[in-house]
Amino acid sequence: MSLTAGPDAEAASLQPIDLSGVDAEQAASWYRSMALIREFETTAEPLVMQGRIPGGMHSAVGQEATAVGVVGALAATDIVTGTHRSHHITLAKGLAPDLIMAELFGKATGPLGGRGGHMHLADLSKGHFGSNGIVGAGLGIALGAALAASVTKTGQVAVGFIGDGAANIGRVWEFVNLASIWTLPLVIVCENNLYAVETPFAQVTGGGDIAGRASGFGLPAFKVDGRDVAAVYRIAAAAVARARGGEGPTFIEALTYRHGGHDVGDRETYRTKDEVERWRAESDPVLRLRRSIADAALLRPAALEGIDAEVAAQVAAAVEFAESSPYPDPATVLDNVTGIDMKIRGNL
Amino acid sequence: MSLTAGPDAEAASLQPIDLSGVDAEQAASWYRSMALIREFETTAEPLVMQGRIPGGMHSAVGQEATAVGVVGALAATDIVTGTHRSHHITLAKGLAPDLIMAELFGKATGPLGGRGGHMHLADLSKGHFGSNGIVGAGLGIALGAALAASVTKTGQVAVGFIGDGAANIGRVWEFVNLASIWTLPLVIVCENNLYAVETPFAQVTGGGDIAGRASGFGLPAFKVDGRDVAAVYRIAAAAVARARGGEGPTFIEALTYRHGGHDVGDRETYRTKDEVERWRAESDPVLRLRRSIADAALLRPAALEGIDAEVAAQVAAAVEFAESSPYPDPATVLDNVTGIDMKIRGNL
Amino acid sequence: MSERATLSQAYRQGLAEEMRTDPRILVYGTDLFERGGHWGQVRGLGSEFGRDRVRNAPISEAAMVAAGVGAAMNGLRPVVDLNFIDFAFGAMDEIINQAAKIRFMWGAPMPLVIRGTNGVAGGGAQHNNSFESWFAHTPGLLVAMPSTPADTKGLIKSALRGEDPVIFLMHKLLAGLRGEIGGAEDLVPFGRGTVRRPGRDITVATYGVTVPRSIAAAGQLASEGVEAEVIDLRTIAPLDLELVEESVRRTRHLVVVTESQRHGGIGAEIAAALSESLYDVLDGPVLRVGAPSVPAPHSAPLLARATPSADDIARSLRAATAARVS
Amino acid sequence: MSERATLSQAYRQGLAEEMRTDPRILVYGTDLFERGGHWGQVRGLGSEFGRDRVRNAPISEAAMVAAGVGAAMNGLRPVVDLNFIDFAFGAMDEIINQAAKIRFMWGAPMPLVIRGTNGVAGGGAQHNNSFESWFAHTPGLLVAMPSTPADTKGLIKSALRGEDPVIFLMHKLLAGLRGEIGGAEDLVPFGRGTVRRPGRDITVATYGVTVPRSIAAAGQLASEGVEAEVIDLRTIAPLDLELVEESVRRTRHLVVVTESQRHGGIGAEIAAALSESLYDVLDGPVLRVGAPSVPAPHSAPLLARATPSADDIARSLRAATAARVS
Ligand SMILES: Cc1ncc(C[n+]2csc(CCOP(=O)(O)OP(=O)(O)O)c2C)c(N)n1
Ligand SMILES: Cc1ncc(C[n+]2csc(CCOP(=O)(O)OP(=O)(O)O)c2C)c(N)n1
Ligand SMILES: [Mg+2]
Ligand SMILES: [Mg+2]
């Protein structure tokens, strides 16, 4: 991570964020969480390129603030679900970087023993009900978690993350409608990063307004600057309070941008370098928070640098842990497909 | 049909419709078409109860005006698709009542030789691309027909009918979105008859505004009194002109009401007799048109009675035709599943 | 066993009994609360358990199943009633990519029941699919296909006490069939078939609506001096091949009967597995009876031709015994 | 045959040639126009044929397939490119209840191609389904599973000249495989398999990614003195059982190999059909090799264990020949 690489030319254009009402502890916690995500992603990507992590990866660099802002508004017992691009949510929800890294490597020490991998991270005990390889599907699981919370009155809130591409998956609107009419404690967060793989949002999304679509389903729908962690936090906190209060779901469209390609190896011919640079320069969410913390003197430079060093060490240790962990025993692949014996013959 | 059964008490409450600009020929054509639908449905229903028509039936009594108004705005080469409740659309599109009746009976003389039946009527040569047993699915076919019309520049317009229940099928919004972004010559007509089987529209439809939902997908969306054939015709004609002019799809929500149960045999415990009677008395679409024609002196009473007699004779002949037609040869069931031989063994 | 009930009533009773003792169970689908579903399969449960646990859903099959998946992960035992399993085509990702895989991927139990009618009756091609074989081929799913009221009750109870996603398939033509049903603790385990009719000469392995048809066919053969043993598999995932093998070791002949399309269905698995495991025992090839590979037509005579009947089964039994015994 | 190409290139060339001569063909899917699809399978077609005939679609699998169905009914020959066939779960009603049944119900041709990758590679459980057997069990669908560039080109051309809905399944691990391809009129018919490797001792019937693995296994056996004949079925609907029978009449032994889950798959149909038709010819039971009934795991060693390898096939060939020849 090059956050501490000295004065840079783009700094001038960086938009400050409003940290009023944010105390040092909160600021530090957000920054640590976002810096950890940035470090994790930038470390893992080359490992995918090198083939040390198999199966590809979708980096969340640029989208740290949505995860940290939203999950920051949740209790530990609340539930999140993600998409194919969910390392940020996973780390924000408190899954340990070394365990996630081991899972990416396909090692036995991953929370799923290597069965899940990058696109199917989960830890139900931590309220992480899965990232999901199928566009839109995670939201359906969050819907169900919210249904259970509502019926059994656990007081939990569920958050389902989707991307802008999911706005064109019909089932997503079924999920939104069901949450709406059943008044479920669900918060839908749409990370609109302007692209679905190579396809610009505006080219395929009739009306061009996802929150607008959502409001047609009878629930409050808002847009927020998804690269401003404080703004995301505030609107998420309001939505979470509403859900917890039994008033039903809220739809939040968070405008954001991914700094890297759709997945590792993407040649990014569909957008200009300029476009990417402008977004970075103006609204890199990690830099914006860091700068605004410094400007507001919430933390001292040394404290910020300390966090940078700590997350760097943490991620380095995670790689170390993952590399040195054993692979699962191949024979175990037959285990735990169902709770009862399926009496299948001829399994290799 | 008891349209000519003399003065009735409800007549006073019947809302007139605006027939300005409608000439006698047009009025007669609408009336004939709507009276035929009414007669067909009221004749077929008891045949289902008696088991002479197998497989159930969803009557369109009360919804005649949507079919006749919309299809009246189409050219013969234009395309329609329907739902499980589509006899009205099928008759309006010019399929002969005797052939449809034979199809309901499962006879070889039906347009599908008895393979389709009540829920799967179609005649591609007449631009009828199928009623459909799956809620929402017909609209998808209309979407595709519109795509073909657009690509090959045939000048055709496609109309997909759906019910209010289909507003909660996610795929419907995929269809609407694709038509919107591809600017296809599609008209979506949602017959909102306030119920999906027993379920009141408002209970399951977040926001309670289907046209409102539609407008979130970037296309013009309108509501119309679906029991006023002239109003339906006018808005459909505008939408069809727009589509044919290459300006893209339009969504029309037509407010209507089914006079009978969801299907033959429905005990209708979910709504009061009063509610049904009020709708009939105020806005029976056939009576409204008949009365308004008479009031405007567009046709003489004898002419209207003549039409009544003709459609009655036509439907009686249709039953006669269906009853006396042969069943298909059972062995033919194996034919024409695919264009090539599938080499399946052991077909009974 | 002393009470008598239809299949629909047996299902309802099994579900109601479990709902009384397990507050985690809820059921939802279109037109359930007042109407009790298309087959009356949950009639009366609305008033007993209230709107929280018996819910009317919009026509949103994907959302229903997805909500079931998430709710199961968060502590409930949802029963998603699709009325017709044909509508599961609209929820296939939720069933196959989510429900069936979550235990494997994430180690979590998935106590989710998806109920619907499967198989052929009137109404035409789109409401009369037979795709039990799809689910049986999918790792992670259990599939129940009861043919009697007792099994219906016993299997739904097992499903509701288990940890796995269950596709619970009932047959439109059996909904009104009456028979004895068991008590509150008479569970029928998944993966255990039963002999419906003992016989020494040939084995029939079947399930669901073709069980009574196979018994009728066996009756025809009895009058010709051939005693067929009819096995009702009851669940097709798991599949009780041991029971079939035990029988075929005695009869040395096997006919596999499915209502669904014969080609490429689960009947082929049974035939292939037994042809292999009992290669030295069988006195003739395993024969299969099933529907031809056509969609369900509307017209009655076409439909009859497209559906395996007792006569079709009897014909196959005769072929299997005649050709080889001599 | 002289030109060489990868499977992806062969597909593209076949499609492009047909698009040049038949203006009714169009292709759409996510990220097709510029990127040319996930496997480059339509790269360059955008600039050649323009945005009307090569379309980027939203992530709306149901709408894509539905539009294909309606467009086919109205005179086009659409190719819906789902990239991964796994996403067909979101369009299953459109495929099964609509596309597959329309000719039967309404008498209309349905020249619709749905292309995607099927089978297992990296990426975990949800992108690596093997469900060709579902489609093969469905009346009304054709299913292509080419293993060579020549067949890929020849089969897509046949698909585009036919009248039927075709599920065109390519394998992620074969996308880059090189081989000779045929010319503009070298069509490969549906329902005709081919012998990839002749042999006198045992027959292997397979398709898709397990064709090269079976050939490798046959190589192992050859060094042990056993000559296996490897048949590539090329399409599994229709299924060329005659070719397999002709071979087994000579070899008297059969192993059926599928990459997909062995249990309840199309391999069972082949085994069941041949166990019946060649009961008197076979010198031993038909054996089957296929994946165990588990979803695809992420971790490499688990994945290897869950996927049939050349070694697994060789082991089965040895078992089939050793046990019975003596
Ligand atoms: C149902 C489905 N269709 C297609 C895909 C392939 N796919 C994976 S990610 C992706 C783009 C998703 O875009 P978006 O929702 O905007 O999320 P982002 O990648 O921008 O985070 C696509 C098309 C999929 N995973 N699931
Ligand atoms: C996908 C699907 N789910 C459920 C059904 C069962 N079903 C048939 S008609 C119907 C109600 C449809 O209501 P609506 O769309 O309002 O049409 P209406 O019957 O009022 O004309 C339902 C639920 C179906 N046919 N298809
Ligand atoms: Mg995006
Ligand atoms: Mg309705």
Side-chain angles (χ1 to χ4, degrees), chain B residues 54-56 84 103-108 110 112-120 132-137 163-172 196-201 203-206 262 266-267 269-270 327-338 342-348, chain C residues 29-38 55-64 66 83-84 86-87 89-91 121-128 261-264 267-268 287-309 311-313 315-316:
Chain B
H84 55 288
E103 185 62 34
L104 300 198
F105 274 76
K107 295 299 180 74
L112 312 168
R115 286 184 170 200
H118 148 72
M119 262 197 300
H120 312 103
N132 213 301
I134 301 301
V135 171
D164 50 285
N168 297 319
I169 290 271
R171 288 165 286 162
V172 159
V197 190
E198 302 212 340
T199 304
F201 159 68
Q203 187 184 102
V204 290
T205 315
H262 169 69
D266 182 354
R267 293 186 322 265
T269 51
Y270 49 92
Y327 280 106
D329 173 358
T332 62
V333 77
L334 301 180
D335 301 342
N336 210 25
V337 178
T338 45
M342 295 303 288
K343 305 191 190 180
I344 304 280
R345 297 199 173 170
N347 274 353
L348 284 178
Chain C
T30 58
D31 307 299
L32 285 203
F33 189 85
E34 294 87 359
R35 180 178 172 146
H38 228 283
R55 290 173 180 243
N56 285 339
I59 312 175
S60 302
E61 283 80 13
M64 287 187 233
N83 284 303
F84 291 75
D86 311 84
F87 309 146
F89 289 127
Q126 295 177 323
H127 279 62
N128 290 291
Q261 281 78 14
R262 182 190 125 120
H263 183 81
L287 300 188
R288 286 179 288 152
V289 179
S293 284
V294 304
H298 163 69
S299 178
L302 298 180
L303 187 61
R305 179 70 177 70
T307 319
S309 65
D311 285 349
D312 295 321
I313 300 165
R315 204 170 308 122
S316 189

To the nearest 0.5 Å, how far apart are CD1 in I344(B) and CZ in R262(C)?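 Between I344(B) CD1 and R262(C) CZ, I get 10.0 Å after rounding to 0.5 Å.
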Side chain / backbone / both / neither for [X] at chain B, heavy atoms under 4.5 Å:
X: E61(C); answer: side chain
X: S316(C); answer: neither
X: D312(C); answer: side chain
X: F33(C); answer: neither
X: R35(C); answer: both
X: A57(C); answer: backbone

Can you give me the closest heavy-atom contact between [X] and [Y], atom names plus distance?
X: S299(C); Y: G106(B); answer: OG-O, 2.6 Å
X: V333(B); Y: V294(C); answer: O-CG1, 3.5 Å
X: P295(C); Y: V337(B); answer: CD-CG1, 4.2 Å

Side-chain contact, heavy-atom cut-off 4.5 Å: [X] with [Y]?
X: R305(C); Y: L334(B); value: yes
X: H127(C); Y: M119(B); value: yes
X: P58(C); Y: T199(B); value: no

Given heavy-atom pairs under 4.5 angstrom as the criterion, report whether the side chain, backbone, both or neither of [X] touches chain C.
X: N132(B); result: both
X: V197(B); result: both
X: L112(B); result: neither

I'd like to know if the side chain of H298(C) reaches the main chain of L104(B), judged simply by a donor and an acceptor atom lying under 3.5 Å from each other, with no hydrogens or angles considered.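 Side chain of H298(C) to backbone of L104(B), a donor-acceptor pair under 3.5 Å: yes, one is there.
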Relative to chain C, which of T269(B), I134(B), D329(B) shows the most heavy atom pairs under 4.5 Å?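 Going by pairs under 4.5 Å, I would pick I134(B).
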Which residue out of G114(B), G110(B), G55(B) racks up the most heavy-atom pairs below 4.5 Å with chain C?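 The answer is G114(B).
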Looking at G124(C), P297(C), S293(C), S60(C), which one has more heavy-atom pairs under 4.5 Å with chain B than the rest?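 Option with the greatest count: S293(C).
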